[in-house]
2 protein chains.
Amino acid sequence: MQDQSIKTVATDCTCLNLRKASRVVTQLFDQVLQPSGVLANQFALLAALSLAESVSITRLAQELVMDRTTLTRNLKPLERDGLICIEPGQDQRVRVVSLTEKGQAALVKALPLWKQAQTKVTEELGQDRWQALLSNLSDTVSLLREI
Amino acid sequence: MQDQSIKTVATDCTCLNLRKASRVVTQLFDQVLQPSGVLANQFALLAALSLAESVSITRLAQELVMDRTTLTRNLKPLERDGLICIEPGQDQRVRVVSLTEKGQAALVKALPLWKQAQTKVTEELGQDRWQALLSNLSDTVSLLREI
DNA sequence: TTCAAATAAGTGCATATACACTTGAAATCA
DNA sequence: TGATTTCAAGTGTATATGCACTTATTTGAA
């Protein structure tokens, strides 16, 4: 009798559908960004750091809607490759993250590739559907992040 | 001068927005499913297996739009906990996955919690926006999975 | 019929994700 | 001022993700 319900899991589960789409789109972005040497997630980190200039790990994690400990580990490869710099802040508890020259350069190099990936998505979905998707994703994050 | 572009990464990046939403929603589902003892991703695997009855790893991976090797590893904890059974098929290359009694029971136990999580999402987004989101996610997967 | 191509799956490696717990520093309060 | 609370960050552990490479089996063709 729960057979009906189980079918709706496959078709209607918000989490499953989000994760599927996330996998597909991440693979596309990773592939297109390949020549730049950064992955999709790393590119987003670099972009966020470029805007924030200099920011604590906790604050950056909040902006990216990412667990703080996840961010700590995501920063590791970027630090190892010299794209970012992590220094103690005035408050000795805080560690401040910022882009290095090399990181800034990697971001600039990756930017046209990112636009390419974005264009692929908008071409496939069409502008209207893409706008709607983005808007709904953004709303989802806003509405669910604090419950 | 790429400063404008970089701002649009933070707001418009399809990949970033998808991953953010995926994180938020996965955390919600994991939390609500907690009493059932399965995570959101594991729940989706159990549901898919319940529908497929008995299926090869490659085929199940295709259905879930998941890399085959990712699925292999995702099945590990479920097999360890006795929720699924993996046996060689007639074709000796193939390994056939199926739900155990225990897995079926876990799925049934988790189902009302899943509905609870779904309801939370639809209540926050509202029916129309939720329907649109789901539809757009589904289209995104269909349109981008083979390019 | 034998050998090459194709197919199914696993492993090594690296990144991504987050919870529980710990450590160390700052702020607050008795 | 000294003790407690709060806060920022790191670590241990476990799951999730996918690419490159390998192994084993099947299929197909010379």
Side-chain angles (χ1 to χ4, degrees), chain A residues 15-16 18-34 37-46 55-62 64-81 83-84 86-97 145, chain B residues 15-16 18-34 37-46 55-62 64-81 83-84 86-97 145:
Chain A
C15 190
L16 176 56
L18 264 171
R19 291 176 72 93
K20 273 189 197 173
S22 187
R23 287 194 287 265
V24 167
V25 170
T26 299
Q27 271 182 82
L28 169 64
F29 275 68
D30 279 348
Q31 187 187 321
V32 175
L33 284 172
Q34 178 129 8
V38 294
L39 298 169
N41 184 55
Q42 297 174 338
F43 173 78
L45 296 189
L46 294 182
V55 64
S56 77
I57 290 181
T58 296
R59 182 153 159 61
L60 185 57
Q62 282 165 351
L64 293 165
V65 195
M66 183 180 283
D67 188 89
R68 183 187 50 76
T69 68
T70 299
L71 178 59
T72 294
R73 279 158 166 129
N74 288 355
L75 292 177
K76 281 274 160 64
L78 296 176
E79 189 183 23
R80 180 200 60 206
D81 296 344
L83 303 182
I84 64 169
I86 308 182
E87 292 164 312
Q90 294 187 323
D91 184 332
Q92 293 293 307
R93 293 171 299 182
V94 174
R95 306 240 290 154
V96 176
V97 191
R145 71 177 303 169
Chain B
C15 190
L16 176 56
L18 263 171
R19 292 176 71 93
K20 272 189 199 174
S22 186
R23 286 193 286 266
V24 168
V25 170
T26 298
Q27 270 181 81
L28 169 64
F29 274 69
D30 279 349
Q31 188 187 321
V32 175
L33 284 172
Q34 178 129 8
V38 295
L39 298 169
N41 184 55
Q42 298 174 336
F43 173 78
L45 297 189
L46 294 183
V55 63
S56 77
I57 291 180
T58 296
R59 181 152 161 59
L60 184 58
Q62 283 166 351
L64 294 165
V65 196
M66 184 181 282
D67 188 88
R68 182 186 53 75
T69 68
T70 300
L71 179 58
T72 294
R73 279 158 167 128
N74 287 355
L75 292 177
K76 281 275 161 63
L78 296 176
E79 189 183 23
R80 179 201 60 206
D81 296 345
L83 304 183
I84 63 169
I86 307 182
E87 293 164 311
Q90 291 187 325
D91 184 332
Q92 291 294 307
R93 293 171 301 182
V94 174
R95 306 239 290 155
V96 176
V97 190
R145 70 177 302 170

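Chain identifiers are assigned alphabetically (A, B, ...) following the order of the sequence lines, protein sequences preceding nucleic acid strands; residue numbering begins at 1 within each chain. Just so it is clear, the structure is predicted and the values come from calculations on it, not from any experiment.
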Expressed in angstrom and rounded to an integer, what is the separation of B:Glu79 atom CD from D:dT15 atom C1'? 16 Å
Walk me through it: do B:Gln62 and B:Thr58 pass the test side-chain contact (heavy atoms from CB on, under 4.5 Å)? CA-CA 6 Å; B:Gln62 283 166 351; B:Thr58 296; 4.1 Å; yes
Residues B:Leu45 and B:Met66: closest non-hydrogen pair is CD2-CE, 4.5 Å
Kindly say if B:Asn74 contacts the phosphate of D:dT17, meaning a side-chain N or O under 4.0 Å from OP1 or OP2. yes
Out of curiosity, B:Cys15 SG to B:Lys20 NZ, how far, rounded to the nearest 0.5 Å? 11.5 Å
Describe the nucleic acid contact of A:Ser56 in one word from base, sugar-phosphate, nothing, applying a heavy-atom distance below 4.0 Å. sugar-phosphate
Between CG of A:Leu64 and C1' of C:dA16 the distance, given in whole Å, is 13 Å
Which protein N or O atoms sit under 3.5 Å from an N or O of nucleotides 2-5 of chain D?
none

What's the CD-P distance between B:Gln42 and D:dA14, to the nearest Å? 13 Å
Side chain to side chain donor-acceptor pair (under 3.5 Å) partners for A:Thr69, two or more places apart: A:Asp67
Would you check if B:Val38 and B:Leu83 make a side-chain contact, meaning some heavy-atom pair closer than 4.5 Å? yes
Would you say that more than 12 heavy atoms from the other residues, nucleotides or ligands in this model lie under 6.0 Å from the CD of B:Glu79, or not? yes
Find the distance B:Phe29:CZ to D:dA16:C1' and express it as a whole number of Å. 17 Å
Distance check: side-chain N/O of A:Asn41 vs OP1/OP2 of C:dT17, anything under 4.0 Å? yes
Could you tell me whether the side chain of B:Asp30 and the main chain of B:Ala40 form a donor-acceptor pair under 3.5 Å? yes
Please report, rounded to the nearest Å, how far the C1' atom of C:dA16 is from the CZ atom of A:Phe43. 18 Å
Is A:Asp91 reaching over with its side chain to a backbone N or O of A:Arg93, donor-acceptor style, under 3.5 angstrom? yes
Candidates C:dA14, C:dA9, D:dA8 - which lies nearest the side chain of A:Arg80: C:dA14
Please state how far atom CG in A:Leu60 lies from atom P in D:dG10, giving the value in whole angstrom units. 12 Å
Rounded to the nearest 0.5 Å, the OG atom of A:Ser22 sits from the CG atom of B:Leu16 at a distance of 10.0 Å
Map B:Leu39 and A:Asp30 onto DNA chain D by nearest heavy atom, then report which one ends up closer to the 5' terminus. B:Leu39
Within the distance-only criterion (no hydrogens, no angle test), does the side chain of A:Arg23 pair as donor or acceptor with the backbone N or O of B:Leu64 below 3.5 angstrom? yes
Write down the protein N/O and nucleotide N/O pairs, taken from nucleotides 3-5 of chain C, whose separation is under 3.5 Å; answer none if there are no such pairs.
none

What distance do B:Asn41 atom CG and B:Asn74 atom CG have between them, rounded to the nearest 0.5 Å? 5.0 Å
Between atom CZ of A:Arg19 and atom CG of B:Leu18, what is the distance when rounded to the nearest 0.5 Å? 12.5 Å
When rounded to the nearest 0.5 angstrom, what distance separates CD1 in A:Ile84 from CG in A:Leu46? 8.0 Å
In chain order, what residues pass the side-chain contact (heavy atoms from CB on, under 4.5 Å) check against B:Thr72, with sequence neighbours excluded? B:Ile57
Less than 4.0 angstrom between a side-chain N/O of A:Thr72 and OP1 or OP2 of D:dA9, yes or no? no
DNA chain C contacts among residues 86-96 of chain A, heavy-atom distance under 4.0 Å: A:Asp91, A:Gln92, A:Arg93
Determine, for nucleotides 18-23 of chain C in 5'-to-3' order, which nucleotides have protein heavy atoms under 4.0 Å from the base (write B), from only the sugar-phosphate (write S), or from neither (write -). BBB---
Atom-to-atom span, CG of A:Leu33 to P of D:dG18 - whole angstrom: 16 Å
Separation of D:dG10 P from A:Lys76 NZ (nearest whole Å): 7 Å
